[in-house]
Enquirer: 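Here's a structure for you.
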Number of protein chains: 2
Amino acid sequence: MDDVFRAIADPTRRAILDELVDRNGQSLFEICARLTMKHGITSTRQAVSQHLDVLEAAGLVESRREGRFKFHWFNAQPLKAIVARWPEPRPKPDQS
Amino acid sequence: MDDVFRAIADPTRRAILDELVDRNGQSLFEICARLTMKHGITSTRQAVSQHLDVLEAAGLVESRREGRFKFHWFNAQPLKAIVARWPEPRPKPDQS
DNA sequence: ACAATAGGCAAGCGTACGCTTGCGTGTCAA
DNA sequence: TTGACACGCAAGCGTACGCTTGCCTATTGT
């Protein structure tokens, strides 16, 4: 659970999730290309690969190796626990 | 929006939100006491104060000064945009 | 076979972050 | 008035994080 919060703390990783939602099952190179094209992120392939490792450790991304490609899929389930954690408390009283 | 992700990335700040949900409108000292009692967090008052600044910058906490006390209230609204950001994409195909 | 492609591993670097420490400010009570 | 209490400000420190660089492995195509 801690890993999920850490994973979505970085803007580049959030952009990766955005791109996987837009097109699921991308390879590492596809993700790199989309990050530079659509988000202006010029990070190296290794940097993106490390981000994907963090996302995968958080359960937000699943991957599968096929030949020389490694495809990545988004998994939204860990995010749902975030909002469920903090229910609405008694509201703040107005100053009077 | 970026501030929200950064704010909930830290476990101490998440514990602060937990305590504010449990009892809304606490002062800084109350929060410090609860963190040590219920979470084993021994951070200084200044550390907790800085955490509250981050939470307030993210819109997750509102505060009001009354006399020599500063009371804090939780605001869950910024959290709702998180789950709404990443809708469920086409699912990952099973290997066959 | 051999070159090109897709990706992995590990070390190093700079910065940001969480935290402490020391001191200052304002409020309340005796 | 004076001391105690609740909190703020700012500088410094150590660590973790994001990123690069260099080199290596494996798969594909010609």
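We name chains A, B, ... by the order of the sequence lines, and we start the count at 1 in each one.
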Enquirer: Using only modelled atom types and a 3.5 angstrom limit, is any donor from either the side chain of Gln50(B) or the base of dT20(C) paired with an acceptor on the other?
Expert: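 When only heavy-atom distances are counted, Gln50(B) does reach the base of dT20(C) through a donor-acceptor pair under 3.5 Å.
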Enquirer: Here's a test of your reading of the structure: between Gly67(B) and Phe71(A), which maps to the more 5' nucleotide of DNA chain C?
Expert: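 Its nucleotide being nearer the 5' end, the pick is Phe71(A).
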Enquirer: If each of Phe69(A) and Arg6(A) is mapped to the nucleotide of DNA chain D with the nearest heavy atom, which maps nearer the 5' terminus, i.e. the 5' end?
Expert: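 With Phe69(A) and Arg6(A) compared, the 5'-side residue is Arg6(A).
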Enquirer: How many whole angstroms separate atom CD of Glu66(A) from atom P of dT27(D)?
Expert: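 Going from Glu66(A) (CD) to dT27(D) (P), I get 13 Å.
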Enquirer: What I want to find out is whether Glu62(B) reaches Arg64(B) closely enough, with some N-O distance under 4.0 Å, to be called a salt bridge.
Expert: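 No.
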Enquirer: Phosphate oxygens OP1/OP2 of dG8(D): is one of them under 4.0 Å from a side-chain N or O of Ser49(B)?
Expert: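 So the side-chain polar atoms of Ser49(B) do come within 4.0 Å of the phosphate oxygens OP1 or OP2 of dG8(D), strictly under.
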Enquirer: Under the side chain to side chain donor-acceptor pair (under 3.5 Å) rule, what pairs show up with a residue in residues 27-45 of chain B, not counting sequence neighbours?
Expert: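 Only Glu19(B)-Arg34(B), Glu19(B)-Lys38(B), Glu19(B)-His39(B), Asp22(B)-Arg34(B), Asp22(B)-Lys38(B), Arg23(B)-Glu30(B), Gln26(B)-Arg34(B) qualify under side chain to side chain donor-acceptor pair (under 3.5 Å).
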Enquirer: For Lys70(A) and dG8(C), is the shortest distance between a side-chain N/O and OP1 or OP2 below 4.0 Å?
Expert: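 So the side-chain polar atoms of Lys70(A) do come within 4.0 Å of the phosphate oxygens OP1 or OP2 of dG8(C), strictly under.
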Enquirer: In Å and rounded to the nearest 0.5 Å, what is the CG to CZ distance from Asp53(A) to Arg13(A)?
Expert: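 With rounding to 0.5 Å, CG (Asp53(A)) is 10.5 Å from CZ (Arg13(A)).
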Enquirer: Is Arg45(B) touching bases, backbone alone, or none of the nucleic acid, heavy atoms closer than 4.0 Å?
Expert: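 Base, at least one base heavy atom under 4.0 Å.
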Enquirer: With a cut-off of less than 4.0 Å, is there a side-chain N or O of Arg64(B) near OP1 or OP2 of dC7(D)?
Expert: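 No.
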Enquirer: Which nucleotide in the set dT20(D), dC23(C), dG18(D) lies at the smallest distance from any side-chain heavy atom of Gln46(B)?
Expert: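 Closest nucleotide to the Gln46(B) side chain: dC23(C).
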Enquirer: Would you kindly give the CG-to-P distance between Leu28(B) and dC9(D), to the nearest whole Å?
Expert: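 Those two atoms, CG and P, are 12 Å apart.
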Enquirer: Could you tell me the separation between the CD atom of Glu30(A) and the P atom of dT5(C), rounded to a whole number of Å?
Expert: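 One finds 16 Å between P of dT5(C) and CD of Glu30(A), rounded.
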Enquirer: State whether Arg65(B) places a side-chain N or O below 4.0 Å from either non-bridging phosphate oxygen (OP1 or OP2) of dT27(C).
Expert: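 Checking Arg65(B) against dT27(C): no side-chain N or O falls below 4.0 Å of OP1 or OP2.
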Enquirer: How far apart are the C-alpha atoms of Leu17(B) and Val61(B), what are their side-chain angles, what is the distance that settles it, and do they pass the side chain to side chain contact (heavy atoms under 4.5 Å, CB included) test?
Expert: CA-CA 8 Å; Leu17(B) 295 185; Val61(B) 162; 4.0 Å; yes
Enquirer: By nearest nucleotide on DNA chain D, pick out whichever of Thr12(A) and Arg68(A) is the more 5' one.
Expert: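 Nearest nucleotide further toward 5': that of Thr12(A).
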Enquirer: With a 4.0 Å limit, can you tell me whether Thr44(A) has a side-chain N or O closer than that to the phosphate oxygens OP1/OP2 of dC19(D)?
Expert: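 The answer is no; no side-chain N or O of Thr44(A) sits under 4.0 Å from OP1 or OP2.
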Enquirer: Write down the distance between CD1 (Ile41(B)) and P (dT20(C)), rounded to a whole number of angstrom.
Expert: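 Rounded to whole Å, this separation is 11 Å.
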Enquirer: What is the distance, rounded to the nearest whole Å, between atom CG of Leu52(B) and atom P of dG18(C)?
Expert: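 Interatomic distance, CG of Leu52(B) to P of dG18(C): 13 Å.
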Enquirer: Measure the distance from CZ on Phe29(B) to P on dA4(D) and round it to the nearest whole Å.
Expert: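 Spelled out: CZ on Phe29(B) to P on dA4(D) is 15 Å.
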Enquirer: Ile16(B) has an atom CD1; how far is it from atom C1' of dC19(C), in whole Å?
Expert: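 The answer, rounded to whole Å, is 13 Å.
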Enquirer: In whole Å, I'd like the distance from the CZ atom of Arg14(B) to the P atom of dG18(C).
Expert: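 Computing the Arg14(B):CZ to dG18(C):P distance gives 11 Å.
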Enquirer: Do Ile82(B) and Leu79(B) come close enough that some side-chain heavy atom pair is under 4.5 Å?
Expert: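 A side-chain contact under 4.5 Å exists here.
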